[in-house]
Colleague: 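My questions will all concern the structure given below.
Residue numbering restarts at 1 for every chain, and letters A, B, ... go by the order of the sequence lines. Heavy atoms only: backbone and side chains are in, while hydrogens, waters and symmetry mates are out.
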There are 2 protein chains.
Amino acid sequence: MFTNVEHIGIAVRSLTDGNALFTKLLNVAPYKSESVESEHVSTSFFQVNQTKIELLEATDPASPIATFIQKKGEGIHHIAFEVDDILAEMERLKNEGFTLLNETPKRGADNKLVCFLHPKGTSGVLVELCQEISEL
Amino acid sequence: MFTNVEHIGIAVRSLTDGNALFTKLLNVAPYKSESVESEHVSTSFFQVNQTKIELLEATDPASPIATFIQKKGEGIHHIAFEVDDILAEMERLKNEGFTLLNETPKRGADNKLVCFLHPKGTSGVLVELCQEISEL
């Protein structure tokens with residue numbers, strides 16, 4: 001089950017500039033920063049009610065965020081939905097014809113297991129499923 | 001104050017196809033459809049916890065959604081934040097240097113007053129502020 005819009009990921013060129021800008025916009029400071037080695041990104045998080053805004057800066061050219069910015073510029077990169085059972089949702093969505101970008105859940109930022117769906121099957125929207133590791 | 005991620009707007013070529021796809025993805029049906037004449041769009045809404053997913057189809061070529069899809073294809077179009085006082089937030093953000101796309105709030109979908117910020121000043125993200133009309 002999809003239980004929440006957990007976060008919205010936004011690709012930025014500079015986390016320093018992005019943090020300053022979104023602090024002014026949202027009128028709240030980021031509550032944490034984190035690097036995700038496997039994705040080659042540095043991230044920061046802002047909380048708005050039950051949803052987070054995640055800023056993502058590429059740490060090297062191999063990062064998917066570097067590719068995204070090169071192609072499309074800065075902007076909204078993905079929507080992450082919290083699910084109550086990531087394995088069950090991955091199975092359900094695969095059976096519905098969606099393409100999973102990773103066949104087994106992988107470790108993402110913020111102590112989550114995550115799985116991405118191919119945007120070709122979701123009207124151009126990069127969809128992330130995520131579940132808190134401590135809930136497993 | 002920014003009180004919630006009220007909705008995420010997604011531009012689709014066909015609301016019929018989009019509704020079918022997002023019903024499969026989210027495993028829930030849209031709870032309403034609505035046309036917004038002023039924006040030249042037909043919309044539908046899905047609820048996920050406290051946030052809505054809004055699908056937007058252009059009703060004619062003058063629609064901003066038609067322009068968006070022509071340039072970028074289907075995908076995430078905007079993030080809408082619920083605010084507790086839209087006039088105060090518009091004033092605050094203008095003073096912070098953000099560019100408002102409309103100088104006075106206008107009527108949007110879902111019984112809201114809305115204001116958009118120019119994406120050039122927000123890392124490429126089209127940001128909508130919205131407030132329920134009945135709260136004014």
Side-chain angles (χ1 to χ4, degrees), chain A residues 1-14 17-28 46-53 55-57 68-69 71-79 81-83 88-89 92-93 95-98 117 119-127 129, chain B residues 1-14 17-28 46-53 55-57 68-69 71-79 81-83 88-89 92-93 95-98 117 119-127 129:
Chain A
M1 202 179 136
F2 281 46
T3 53
N4 191 26
V5 175
E6 214 280 330
H7 66 265
I8 300 164
I10 296 172
V12 296
R13 289 182 205 281
S14 151
D17 294 349
N19 282 341
L21 183 72
F22 279 83
T23 298
K24 282 200 289 186
L25 175 66
L26 303 172
N27 212 7
V28 67
F46 297 77
Q47 188 83 42
V48 180
N49 195 15
Q50 294 187 35
T51 300
K52 294 155 191 159
I53 303 297
L55 303 185
L56 302 120
E57 178 197 316
F68 179 88
I69 286 184
K71 276 193 199 160
K72 307 194 174 186
E74 294 187 313
I76 305 172
H77 180 259
H78 66 273
I79 308 178
F81 294 95
E82 189 173 62
V83 295
E89 285 299 321
R92 181 183 72 77
L93 292 167
N95 291 336
E96 288 281 21
F98 293 93
L117 305 185
K120 279 194 185 163
T122 52
S123 297
V125 179
L126 180 58
V127 170
L129 312 178
Chain B
M1 201 178 134
F2 280 48
T3 53
N4 190 26
V5 176
E6 213 280 331
H7 66 265
I8 300 164
I10 297 173
V12 296
R13 289 181 204 281
S14 151
D17 294 350
N19 282 342
L21 183 71
F22 279 83
T23 298
K24 282 200 288 186
L25 175 65
L26 303 171
N27 211 6
V28 67
F46 297 77
Q47 188 84 42
V48 180
N49 195 16
Q50 295 186 33
T51 300
K52 295 154 190 158
I53 302 297
L55 302 186
L56 302 120
E57 178 196 317
F68 179 89
I69 286 183
K71 275 193 199 161
K72 306 192 174 187
E74 295 187 311
I76 306 172
H77 179 258
H78 66 272
I79 308 178
F81 293 96
E82 188 172 63
V83 294
E89 284 300 320
R92 182 182 72 78
L93 292 167
N95 291 337
E96 288 281 20
F98 292 94
L117 305 185
K120 279 195 183 161
T122 51
S123 296
V125 179
L126 179 57
V127 170
L129 312 178

Colleague: Can you tell which part of B:L93 gets under 4.5 Å to a heavy atom of chain A, answering side chain, backbone, both or neither?
Modeller: side chain
Colleague: How far does CD of B:Q50 sit from OG1 of A:T51, to the nearest 0.5 angstrom?
Modeller: 8.0 Å
Colleague: So, do B:I79 and A:I10 sit near enough that their side-chain heavy atoms are less than 4.5 Å apart?
Modeller: yes
Colleague: Please rank A:V12, A:L26, A:V83 by heavy-atom pairs under 4.5 Å with chain B and give me the top one.
Modeller: A:L26
Colleague: Please flag which part of A:R92 lies under 4.5 Å from any non-hydrogen atom of chain B: side chain, backbone, both or neither.
Modeller: side chain
Colleague: Heavy-atom distance under 4.5 Å between the side chains of A:L25 and B:F98, does that happen here?
Modeller: yes
Colleague: So which heavy atom on B:T3 is nearest to which on A:N49, and how close?
Modeller: O-CB, 3.2 Å
Colleague: Between A:M1 and B:N27, is there a side-chain heavy-atom distance shorter than 4.5 Å?
Modeller: no
Colleague: Say you draw a straight line from NZ of B:K24 to CG of A:N95; how long is it, rounded to the nearest 0.5 Å?
Modeller: 11.0 Å
Colleague: Is chain A contacted by the side chain of B:L55, its backbone, both, or neither, given a heavy-atom distance below 4.5 Å?
Modeller: neither
Colleague: Pick one of side chain, backbone, both or neither for A:L117, based on which atoms fall under 4.5 Å of a heavy atom in chain B.
Modeller: side chain
Colleague: Looking at side-chain heavy atoms only, is the closest gap between A:V5 and B:I8 below 4.5 Å?
Modeller: yes
Colleague: Is the shortest heavy-atom distance from the side chain of B:I53 to the side chain of A:F81 under 4.5 Å?
Modeller: yes
Colleague: Select one option (side chain, backbone, both, neither) describing which atoms of B:S123 are under 4.5 Å from chain A's heavy atoms.
Modeller: both
Colleague: Please flag which part of B:L21 lies under 4.5 Å from any non-hydrogen atom of chain A: side chain, backbone, both or neither.
Modeller: both
Colleague: Which bit of B:V28 comes within less than 4.5 Å of chain A, counting heavy atoms only: side chain, backbone, both or neither?
Modeller: neither
